[in-house]
Amino acid sequence: MQYLVSVIDDKSNPGSTDRQPAISAFNERLIAEGYWVFAGGLADTDTATVIDNRGDEAVLTDGPFVESKEYLAGVWVWDVPDLDVALKLATEASKVCDRKIEVRPFL
Amino acid sequence: MSDVEAAIIRAHHEEWARVVAALARRFGDLDLAEEAAAEAFATAVERWRADGVPPNPGAWLTTTATRRAIDRLRRETKRDDKYREAQLLHDSTPPEPPGAIGDDRLRLIFTCCHPALAMQARVALTLRMVGGLTVPEIARAFLVRHTTMEQRITRAKAKIKAARIPYRMPSADDLPARVTGVLAVLFLVFNEGYLASGPDTDPVRHDLTTEAIRLTRLVRALLPQDGEVAGLLALMLLTEARRPARISANGELVALDEQDRGAWDRELIAEGHQLVRERLAAAAAGVAPGRYQILAAINAVHTSARDIRDTDWSQILALYDQLVRLDPSPIIALNRAVAVAEIDGPEVALAIVDGLTEALAHYHAYHATRADLLRRLGRSEQARAAYDRAIELAGNTGETAYLTRRRDQLR
């Protein structure tokens, strides 16, 4: 069962910036335990571009699809047996990243 | 009531959760388990009337529900999934290990009370899947529309399935926190019954308190070693015991100091006291009691006094001191202040209560407690204002009536 694990940061109250070593160590553990599928940090939301080609021509918009105080700072994809395992790991991940975590199942 | 009807009601009480739980484990699908169980009980109503009650109603219901579930799956999978069908015919699930911890009903309870579900959803799901209440019954109990409750339950079941909330016992290190979560759900059901909210409801909802006690008894039977489960059951029993004296003939809530103690249910009190004694013995042996056990002990002190004047307030205050160390919430501090008033006087208690203003400004009991203390100090004007605020915030019809009388008696 795969879950998208989102790291949520808060522009008005950002998490600490010195988390990389701890996150790397946590990733090593996820790999060793067989849960790791993918991980990646994201560039600032200012760097996003939205494309809408539902109409006659594609419209490009500078910026994220929704402006909000809280935003997606990075993602994991984990492959774990069930939600309890995902939540347990996410509880650790929140400490490790010093940020909120959202766990959402893939279909 | 005929014997058959009585047998069906008894089977529903005793077997519903067992049937749902067994099917949920076998088929891994709460929705299917619930529907098949409901169909089995509907079939029982017809068949038992015609053929008589089977010697083992529980086994009959489980077998019938299992057949219904397989029929349903066959219909749904006829087109393409012969493989799955073949699998279903051979129950490959391992036999249950003996002992309560392997009981399917515990798995069901922990799944329904999973922390990833919203509290309202946990309550609704537990009453439906474990308690066997119908959706209209639950909707009525929580004063929401049938369709709203139906959606709440459907959404919770969909999340369990899509997010794969597991149908199993929590791991040993998660167990205490998960049991606490289950007890919170049961206590919420009980409290909604004991101090029902809503302008047109009865002040005490006997159906909800009874159901909460029944479910807590079940959890107690399944987790007999857990002190907090015993504590919560004792707390409910000792609170429920006072129910006959709690509402006056004209629907007004009767405070503890004015209750007719002769009307209290002696049997429930005896059972509650027995549980509290059991936990006191465990505490003496070095097991630190949790909050429900301490609350139960406080209620045991109250229910031991034949008259309000015989109440051992110093014992109650000592228990509250213990509780505050465990749970330093403002509501506990407020209740502790009531005991302080009996020992050190209303002035000392009022100073404590006034320190809680910021945290409890929107809590009716804060204003009601303050009003009573001000009344005892002869500060009628301030008492009147506090009663007004308490009446404004109180959601319980009996409590509003009580507070209004108290206010109008002020001179």
Side-chain angles (χ1 to χ4, degrees), chain A residues 1-10 13 15 22 25-40 66 68-107, chain B residues 21 24-33 80-81 84 92-94 101-102 104 106-119 121-122 125-126 129 154-182 184-185:
Chain A
M1 180 78 180
Q2 294 198 335
Y3 294 85
L4 178 69
V5 180
S6 306
V7 181
I8 316 290
D9 207 353
D10 186 334
N13 181 26
F26 184 63
N27 273 330
E28 290 304 320
R29 238 193 67 208
L30 289 174
I31 293 167
E33 289 172 3
Y35 300 138
W36 193 91
V37 177
F38 176 83
V66 59
S68 61
K69 203 164 69 69
E70 291 188 312
Y71 67 99
L72 187 61
V75 295
W76 270 288
V77 176
W78 294 342
D79 196 337
V80 295
D82 58 47
L83 187 68
D84 276 2
V85 180
L87 291 179
K88 201 161 195 142
L89 291 168
T91 307
E92 286 182 56
S94 176
K95 268 276 184 292
V96 166
C97 299
D98 189 30
R99 278 157 182 86
K100 287 206 275 189
I101 303 285
E102 182 195 271
V103 176
R104 193 164 160 192
F106 281 94
L107 281 176
Chain B
R25 186 170 59 85
R26 174 155 178 189
F27 298 105
D29 187 332
L30 280 184
D31 228 359
L32 181 68
D80 44 21
D81 207 347
R84 193 161 162 230
S92 57
T93 46
I101 209 81
D104 285 333
L106 260 186
R107 293 195 180 95
L108 184 63
I109 291 166
F110 280 116
T111 303
C112 292
C113 295
H114 197 277
L117 300 170
M119 195 60 180
R122 289 183 227 171
L125 209 54
T126 303
M129 307 304 271
T154 305
R155 200 162 53 217
K157 284 189 294 193
K159 179 167 182 179
I160 288 172
K161 205 171 189 174
R164 199 175 284 194
I165 288 178
Y167 190 65
R168 62 168 154 72
M169 286 296 293
S171 60
D173 50 331
D174 283 345
L175 194 62
R178 293 290 302 277
V179 171
T180 303
V182 171
V185 168

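Per chain, numbering begins at 1; letters A, B, ... match sequence-line order.
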Between [X] and [Y], what is the shortest heavy-atom contact and its length?
X     : Y      : value
A:P81 : B:R164 : O-CD, 3.2 Å
A:L83 : B:P166 : N-CD, 4.3 Å
A:M1  : B:A162 : CE-O, 3.0 Å

What's the spacing between A:D82 CG and B:R168 CZ if we round to 0.5 Å? 4.0 Å
How far does CG of A:D84 sit from OG1 of B:T111, to the nearest 0.5 angstrom? 8.5 Å
If you count heavy atoms of other groups shown closer than 6.0 angstrom to CZ of A:R104, is the number above 12? no
Crowding at NZ, B:K161 (>12 non-hydrogen neighbours, <6.0 Å): no
